[in-house]
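Quantities reported herein were computed from a predicted structural model and do not represent experimental measurements. In what follows, every chain begins at residue 1, and chains take the letters A, B, ... in the order their sequences are listed.
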2 protein chains.
Amino acid sequence: MLRLEPKADQKMGSIRRGAMQAILHAAECVFARHGLAGSTMAEIAQEAGLPKANLHYYFGTKDRLYQTVLEGIVGEWLDHEAEWITPNRHPAEGLAGYVRAKMLHARRRPDASRIWASELLRGAPVIMGYLCQTARQQVLGTARVLQGWSEAGLMDRIAPTHLLFTIWGMTQTYADFDVQIRSTLGTSDISDTEFETAIQTVTTMVLKGCGVRSPTQLPR
Amino acid sequence: MLRLEPKADQKMGSIRRGAMQAILHAAECVFARHGLAGSTMAEIAQEAGLPKANLHYYFGTKDRLYQTVLEGIVGEWLDHEAEWITPNRHPAEGLAGYVRAKMLHARRRPDASRIWASELLRGAPVIMGYLCQTARQQVLGTARVLQGWSEAGLMDRIAPTHLLFTIWGMTQTYADFDVQIRSTLGTSDISDTEFETAIQTVTTMVLKGCGVRSPTQLPR
DNA sequence: GTCTATATAGCGATAGAC
DNA sequence: GTCTATCGCTATATAGAC
């Protein structure tokens, strides 16, 4: 499970490829708005500009379409970990870079974040296997890097897994629950400068919260 | 909208009261698991141990039942703010108390938190009015208290609303996405000691992240 | 390959017996 | 007030024309 359609890997007609892309894009948008159960194949078809039957032709069932959309999203939230949280980086650089990457992801791919959140809220029935295997191993590896930074005296001793949980919670909230943020701020959408303030706030909370001392300059 | 059933405020038969309570409790449980669209009146009825028709007799429609469940939840996430974040408290006490209260709420009422999260994910169609009116005013009031603490030199200058957003994100993640946390930790449920570690981690992140200096003792 | 027209199932809601 | 039996609608899925 959780593999791409074999057909998608091979050479295929550009019409087929274009139609599947349109469907997947429309499905991601609709699933993000209404969740799996709240979405209908008819609405996804309309969003994609195709007849409803074509969705079944390409993806079989609604569940398989949902699963395919999820497969494209699954990797996104772990990619930045391995990029930024590495033993050879200083935590000031690694944590700040990771937080910024997570925040920019929340800003640029809110639909992906919401589908992920919706799947977790349901108890992760589709991606449970992935969570307990691949994802867990990578997260534990990242936690060991954080542990190493602490033991090297580069930051305070803090429960590494819980540090990751809080970073995920802080960053993803800007995608998943942005309606709450916008209604509080009283804006119809969050400006770039406002979002930069958000990034700064989260970064500061993480760096100072972990007692990270900058390698190049002292905190003010 | 968002008012309690008038009938619920008046004296009513104990049978009626008991049935409505059973339905509301079952509905909260089912809505938390499957969301509004994914839940069926039949499943809620079975969970409550009553015939399906009784749900319609007491609450009319599925939407009204959902709305009633939501009404019982709406106030919960703002209650602790007014209790802990007050001008006459020191931020070390106020923020730590608030974080602990939010964390204990996530632990004790995960279903309530998940329904709230699910409603926000959908774009908050039912509670939008409440969010932009009552909730917004109270949150802005809380933000002014945080601002006052900063200006009094009791903590760093940090964007007050974003501080609240991050606290909500960190604490609610332990209810909403606990499947992710449990799969990472490799446990079927989170122990009390593990959860205490979580509370300590979040509290430390907030207090040190905001540069709060304890009024009674220096940070180590 | 593409799309219209339709079969089938499940759900919300209700009528009416008790 | 309570519950059984059922109605009508909507959504998934497919058959079959083009």
Side-chain angles (χ1 to χ4, degrees), chain A residues 5-8 10-70 115 118 122 125-126, chain B residues 5-8 10-70 115 118 122 125-126:
Chain A
E5 285 276 283
K7 283 174 286 187
Q10 301 168 358
K11 200 176 75 178
M12 62 173 73
S14 61
I15 293 172
R16 184 184 185 86
R17 181 190 301 271
M20 289 182 76
Q21 282 298 323
I23 293 167
L24 285 173
H25 185 265
E28 183 173 291
C29 179
V30 173
F31 283 142
R33 271 204 304 269
H34 307 299
L36 170 59
S39 302
T40 66
M41 296 296 270
E43 186 179 357
I44 297 171
Q46 187 176 11
E47 184 89 13
L50 289 169
K52 192 174 60 165
N54 293 30
L55 277 61
H56 285 101
Y57 173 71
Y58 285 118
F59 294 96
T61 69
K62 183 185 177 182
D63 281 340
R64 279 195 55 75
L65 174 57
Y66 173 75
Q67 198 170 332
T68 307
V69 170
L70 212 51
I115 290 173
S118 181
R122 297 194 310 151
V126 174
Chain B
E5 286 276 280
K7 283 175 285 185
Q10 300 167 0
K11 198 175 76 178
M12 62 173 73
S14 62
I15 293 171
R16 184 182 185 87
R17 182 190 301 270
M20 289 181 76
Q21 283 297 324
I23 293 167
L24 286 173
H25 184 265
E28 184 173 289
C29 180
V30 173
F31 283 143
R33 272 204 303 269
H34 306 300
L36 171 57
S39 302
T40 66
M41 296 297 270
E43 186 179 356
I44 297 171
Q46 187 176 12
E47 183 88 15
L50 288 168
K52 193 174 63 165
N54 293 31
L55 277 60
H56 286 100
Y57 173 73
Y58 285 119
F59 295 96
T61 68
K62 182 185 178 182
D63 281 341
R64 280 196 55 72
L65 174 57
Y66 173 74
Q67 198 169 333
T68 308
V69 170
L70 213 50
I115 290 174
S118 181
R122 297 195 309 151
V126 174

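- Of the possible donor and acceptor atoms, one in the side chain of B:S39 sits under 3.5 Å from a partner among the backbone N and O of B:V30.
- For B:K52 and D:dC7, the NZ to P distance is 13 Å, given to the nearest whole Å.
- Atom-to-atom, NE2 of A:H56 to P of D:dA11 comes out at 13 Å; the value is rounded to the nearest Å.
- If you take OH on B:Y66 and CD1 on B:I115, they are separated by 7.5 Å, rounding to the nearest 0.5 Å.
- In the displayed structure, B:H25 atom NE2 is contacted under 6.0 Å by at most 12 heavy atoms of other residues, nucleotides or ligands.
- Read 5' to 3', the first and last nucleotides of DNA chain C with an atom closer than 4.0 Å to a heavy atom of chain B are C:dC11 to C:dT14.
- If you measure from atom NZ of A:K62 to atom P of D:dT14, you get 15 Å, rounded to the nearest angstrom.
- Remark: A:C29 SG to A:E43 CD distance equals 8.0 Å, nearest 0.5 Å.
- Under the side chain to side chain contact (heavy atoms under 4.5 Å, CB included) rule, B:K62 has a single partner from B:L36, B:L55, B:T40, which is B:L36.
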